[in-house]
Amino acid sequence: MGWDEVKEARRRLAREEGVILKDWGGRLPIALIYPNSYYVGMSNLGLHTLYRYLNSYQDIVAERAFWDKGQAIISLESQRPLSDFAVLAFTVSYELDYFNVIQILKTSGLPLYAAERNESHPLVIAGGPCIIANPMPLAPFFDALCIGEAEAILPAMLPVISGGISGKRDELLKALAKLPGVYVSRYPINIPVKRQWAPSLDEATVSSVILTPDTELGDLYLIEVERGCNWGCRFCLTKNAFRPMRCHPLDKILAEAERGLKHRQRLGLVGAAVPDHPQIEELLIKLRQMGAELSVSSLRMKPTSHIVLREMARGSARTIALAPEAGSARLRRVIKKDVSEDDILQSIDKIAGLGIKQLKLYFMLGLPSETDEDIAAMIDLTLKSKQILDKRQTGVRLVLNLAPFVPKAGTPFQWLPMATIATLKHRLSFIKSMLQPKGIKVKAESPAWSQIQAVLSRGDARLAEVLANWEDFSLAGWRRAVAKCQLDVDFYAHQRWDKTQKLPWDIIDSGTKTAHLKQELERALAQY
Ligand code: SF4
């Protein structure tokens, strides 16, 4: 730990509002670790929620730590090294952050694998969407993994940790393995670990705790409006990892908004399906009457409520994002995105007159059964959208965001392969050549990095060895690790898996029956 890191931590603290500083005396110290930069992590509402929740316990002190490449990891609040903490709690949202998880463990001076650690080391635990879907690639590095939502697991888990942290580590791990939603790879139970979720959000407060200008969404006060999603897109991890859909009560959101508006003019309403909140129109009208500027993380195209759009525009929304996901009606049926071309174009027509600055359209590339005709339909739909915007002469900028399809554990498409890198590159360059000359900005995620994501997403414990040998965060570094461990990338990313074979994440009971996923897959295949 150097003086530079301490100075940087203090500089960040000085620019924050809402930080919780506690004396360590007699308290269980927990390092809450986001395995990416401060800039990225401080816009993650899950991190804020855990920070608030853990610090609500009198006998716990939770401090944050982030991975800023090249810097020794210390906690932000008291600038202590991770080895000073009793518990290291990671929240893992993206597969590509697995690399950072390993670097954090390596640089903190702890033995990398859980089996090599004992009671003289911090207890290392993790949770988050990636862990809920498929904990296997990271399992050997963690003492315990949380399969589900913090509100549902931590009330039982924290007393067990507090009571057992000073005793024999094996005893603590055995006690943790008996708790609902906790997976301990050294003491696996003989039935799948049931995913846990909070039955209601009435008691949960999910909003920004610490405000800082030094983060991606630094001008927003974030408020969770709902969690989960009732739609059934067959590729979607969120749908399956966070079901059922639950909403925060209107009066609670408004109370949070009142608190937030004391610090920020703009409110960010967060959720996978914000417009599906049963009182969304009333909510937006009231928020605007309170003087809030609004940003909404998701918007629906069927039906697109004119009141929702109007209130967003009046609430100074600068960008509106729509996600048709696929260009042709056939491919949208395959993925179960239940919107027609008319729904999409009518939504864009409504949006065109609202005075926003930017419209983003999200599509996936390489979806199962995708053909050149589907790509042509995507281009056609984008050009029609542009025509509608141009006709109104409002100067709305159109941006196309493309992400390669990556099969996710626990979804109906978990058995399907992603497209080859060559196919993705070819289609991507064709789309760019057709749209960029027309003034449409095309942004795309890298096919090669998406392939790594696919391998990790469907990975098993063999991936742990690759992660441990991945020395630098580059494609070349990944390939070296893969070659050293003789991992068959093609098997994980590009092969269709047999529906009867055992899956790495069968140790999890997500709450969705495998028979249902298979039925959904069959329905998709019937549209090929
Ligand atoms: S893609 Fe969006 S709308 Fe579809 S199921 Fe997932 S969260 Fe819901």
Side-chain angles (χ1 to χ4, degrees), residues 44-46 93-95 128-130 132-134 149 195 197 201 206 222 224-248 268-278 280 295-305 308-309 312 319-329 331-341 343-344 347 360-368 370 378 381 400-414 416 418 445 450 453-454 457 510-513 516-517 519-521 523-524 527:
N44 183 287
L45 203 42
S93 302
Y94 305 105
E95 288 91 354
C130 290
I132 295 173
N134 177 16
E149 294 172 3
R195 177 175 68 89
W197 61 87
L201 299 181
V206 181
L222 301 174
E224 185 181 62
V225 171
E226 59 80 41
R227 196 179 296 174
C229 178
N230 279 339
W231 297 77
C233 307
R234 294 183 173 117
F235 56 83
C236 179
L237 173 70
T238 306
K239 154 89 185 155
N240 292 285
F242 293 99
R243 57 184 288 270
M245 181 175 167
R246 291 140 294 158
C247 295
H248 288 275
L269 305 184
V270 179
V274 172
D276 289 348
H277 190 287
I280 186 66
S295 167
V296 177
S297 68
S298 53
L299 208 58
R300 175 153 52 87
M301 289 167 284
K302 185 188 167 186
T304 314
S305 158
V308 169
L309 289 173
M312 279 181 65
T319 295
I320 285 184
L322 298 177
E325 309 290 6
S328 71
L331 199 50
R332 285 194 296 275
R333 281 197 301 276
V334 170
I335 62 175
K336 206 176 174 184
K337 191 85 190 182
D338 183 24
V339 285
S340 67
E341 182 163 309
D343 294 328
I344 299 165
S347 298
K360 288 185 181 173
L361 293 180
Y362 284 84
F363 286 94
M364 295 180 92
L365 206 55
L367 278 163
E370 182 186 86
M378 181 199 296
L381 181 58
L400 193 70
N401 282 66
L402 297 167
F405 161 71
V406 167
K408 297 282 182 176
T411 69
F413 284 176
Q414 64 186 359
L416 297 183
M418 76 175 282
E445 287 177 23
S450 299
Q453 215 189 332
S457 169
S510 71
T512 305
K513 296 220 175 323
H516 173 73
L517 298 178
Q519 191 182 46
E520 279 298 298
L521 177 63
R523 286 180 179 149
Q527 306 291 335

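Just so you know, ligand 1 is whichever comes first in the structure, and atom 1 is the first atom listed for that ligand. Count residues from 1 along the sequence.
The two residues Lys408 and Phe235 have their closest heavy-atom pair at CG-O, 4.1 Å. Counting all heavy atoms, side chain and backbone alike, Phe242 lies closest to Glu149 at CD2-OE2, 3.8 Å.
Side-chain atoms of Ser457 come within 3.5 Å of backbone atoms of Pro407 as a donor-acceptor pair (strictly under, hydrogens ignored). A donor-acceptor pair under 3.5 Å is absent between the side-chain atoms of Arg333 and the main chain of Gln527, judged by distance alone. Looking at Lys239, its side chain never comes within 3.5 Å of a backbone N or O of Arg234 through a donor-acceptor pair.
Of all protein N, O or S atoms, those under 2.8 Å from atom 6 (Fe) of ligand 1 number 1.
Residues satisfying the side chain to side chain donor-acceptor pair (under 3.5 Å) test with Lys337, not counting sequence neighbours, are none.
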